[in-house]
Protein chains: 2
Amino acid sequence: MKTRDRIIHAALALFNEHGEPNVTTNHIAADLGISPGNLYYHFRNKEQIIHCIFDQYAIDLKVSFEPVDVAEAIEASLLRYLDAVFLLMWRYRFFYANLPDILRRDAALQNKYLAVQTQLQVNISQIMINFRDAGLLALADVDLKVLADTLKLVASSWISYQTTQVAGAKITQTVIYHGVQQMLNIVRPLATELGQQRVTTLQHYYLEQEQQYLEQQQKITNSEL
Amino acid sequence: MKTRDRIIHAALALFNEHGEPNVTTNHIAADLGISPGNLYYHFRNKEQIIHCIFDQYAIDLKVSFEPVDVAEAIEASLLRYLDAVFLLMWRYRFFYANLPDILRRDAALQNKYLAVQTQLQVNISQIMINFRDAGLLALADVDLKVLADTLKLVASSWISYQTTQVAGAKITQTVIYHGVQQMLNIVRPLATELGQQRVTTLQHYYLEQEQQYLEQQQKITNSEL
DNA sequence: GTCTATACACTGATAGAC
DNA sequence: GTCTATCAGTGTATAGAC
């Protein structure tokens, strides 16, 4: 792998592990066993590294939220949406953990972020509308918008919120699975009877996913003994 | 006012104005026209200042959320709760804007915060239960808990979330009023018909409050011309 | 209580040799 | 492309005079 890519890769891992504000360019260089000078040969500054990571995030997001195929089943689209939310939250968790800070420091990045978010808002609203048209939700337009906004807020804030609510607050996949469950919990009481069934099915699915993840972690722990 | 108190006061104002991470002890001292050394005579470090501000916050919170009088009308308790949420979010907005960061740096503060939050959680759940017992909400226990959690998350994350979603993102009372409206919007579709009426009444009330605030701002702007 | 001066640690960033 | 060396800037915190 090229040094430039290795830097991006290491930076993402370190940011996720220790939090972006705690990771300096010196740390990144040290982690890779290269000199700070070398890092600055490849990047003008730390912000530029974050920009590159964000660009990758934006691409991942775009791919995950490709316009919904009309033929695609409603549940499939919601599943795909939630899977994407989960994956992105996990892969770029440092970002979700420090969003306000990172964006405040960098107006250019904030603009990029807003553009991405606007598109996301459109997509999530469309999913809600499809959901209603399929008779799974029975909500007025206003309430549908409120729901979409709430879900977006929960998705955006979940990791950050969890770090404040739990003491040692290490971000694990379990934390994120609980976020997905919370989102489904919010939708459920607003759904029609049919919709509630579908939501419950999804919740069981994610409960299983979480279970599998935990068992896998257990195996790893055991094999280390 | 004693210098110590003046420091706390100035620090809170500067934190709210510029964001806690952007305000150094030097800034605080300069703002008061005292020397940095003098500031450090009164406080061991910046963290201690934040601790003092937090203690004040905790007291304000405790006062606002005194156990609900059984005789108190349901709407009155909700109104009191929302007014308190609004006032605290406004008075200590720097805290809501940077919670994860501030708590991560200071384990002692996080413990204080968790203790306060636990109590808050109990109170908000009780309000929900009262709300249901009065026939304003028709929700199962599980859904009631989800609702309480969601409202707490929205309240905690609102300011921080708004700073990411809007470009220049200055925190104004309007932003916070919108947060209160969003909370009520979340409750409304879950309420009984009677409950929806009450929620709508509250929403009108806060819309008026916001309007009054805006008119007042307008007056100030005009008088400056 | 308050000031001036300064030490200390650390980050981001650059210059110039190899 | 990569390294060593180093600088300027900044923020926290302390020492000692007044």
Side-chain angles (χ1 to χ4, degrees), chain A residues 1-55 94-95 97-98 100-110, chain B residues 1-54 94-95 97-110:
Chain A
M1 214 194 306
K2 279 189 164 310
T3 302
R4 194 189 150 85
D5 295 330
R6 288 177 62 220
I7 292 172
I8 294 176
H9 197 261
L12 177 56
L14 289 173
F15 288 164
N16 279 336
E17 178 71 19
H18 303 111
E20 180 273 334
N22 301 315
V23 178
T24 70
T25 49
N26 286 350
H27 288 142
I28 300 170
D31 185 73
L32 284 167
I34 67 172
S35 69
N38 190 5
L39 185 145
Y40 277 92
Y41 170 77
H42 291 283
F43 292 92
R44 259 190 41 210
N45 51 37
K46 188 178 167 184
E47 280 191 1
Q48 208 192 356
I49 298 177
I50 296 175
H51 264 266
C52 285
I53 295 178
F54 180 82
D55 290 340
F94 87 91
F95 199 60
N98 282 85
D101 245 48
I102 294 171
L103 295 185
R104 187 179 30 71
R105 292 196 311 251
D106 187 340
L109 190 60
Q110 172 136 23
Chain B
M1 212 194 309
K2 280 189 162 312
T3 302
R4 194 189 150 85
D5 294 330
R6 288 176 63 220
I7 292 171
I8 293 177
H9 195 260
L12 176 57
L14 289 173
F15 288 165
N16 280 336
E17 178 70 19
H18 303 110
E20 180 273 333
N22 300 315
V23 177
T24 70
T25 49
N26 285 350
H27 287 141
I28 300 170
D31 186 73
L32 286 168
I34 67 172
S35 69
N38 191 4
L39 185 147
Y40 276 92
Y41 169 78
H42 291 283
F43 293 92
R44 258 189 44 207
N45 51 35
K46 189 179 168 184
E47 280 191 1
Q48 208 193 355
I49 299 176
I50 296 174
H51 264 266
C52 286
I53 295 177
F54 179 82
F94 87 92
F95 198 60
N98 282 84
L99 206 49
D101 245 48
I102 294 170
L103 295 185
R104 188 178 30 70
R105 292 196 310 251
D106 187 340
L109 190 60
Q110 172 135 23

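Worth knowing before you read on, the calculation uses all heavy atoms, side chains too, and leaves out hydrogens, waters and symmetry mates.
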note = B/S/- along nucleotides 1-13 of chain C (protein heavy atoms under 4.0 Å) is BBBB------SSB
task = List in chain and number order the residues that pass side-chain hydrogen bond (donor to acceptor under 3.5 Å, both in side chains) with B:D106, two or more places apart in sequence or in another chain; answer none if no residue qualifies.
result =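 Applying side-chain hydrogen bond (donor to acceptor under 3.5 Å, both in side chains) to B:D106 gives B:H51.
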Can you list, pair by pair, the side-chain donor-acceptor contacts under 3.5 Å of residues 33-41 of chain B, counting residues two or more places apart and other chains?
residue : atom : partner : partner atom : Å
B:S35   : OG   : B:N38   : N            : 3.1
B:Y40   : OH   : B:T25   : OG1          : 3.2

query = side-chain contact (heavy atoms from CB on, under 4.5 Å) with B:A11: which residues, sequence neighbours excluded?
reply = B:F15, B:I28, B:I49, B:I53
query = Partners of B:R44 by side-chain contact (heavy atoms from CB on, under 4.5 Å), sequence neighbours excluded?
reply =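 Partners of B:R44 by the side-chain contact (heavy atoms from CB on, under 4.5 Å) criterion, ordered by chain and then number, come out as B:Q48.
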Pairs where residues 5-31 of chain A contributes a residue and the test salt bridge (charged side-chain N to carboxylate O under 4.0 Å, His left out) is met, not counting sequence neighbours =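 Matches after skipping sequence neighbours: A:E17-A:K170, A:E20-A:K46, A:E20-A:R105.
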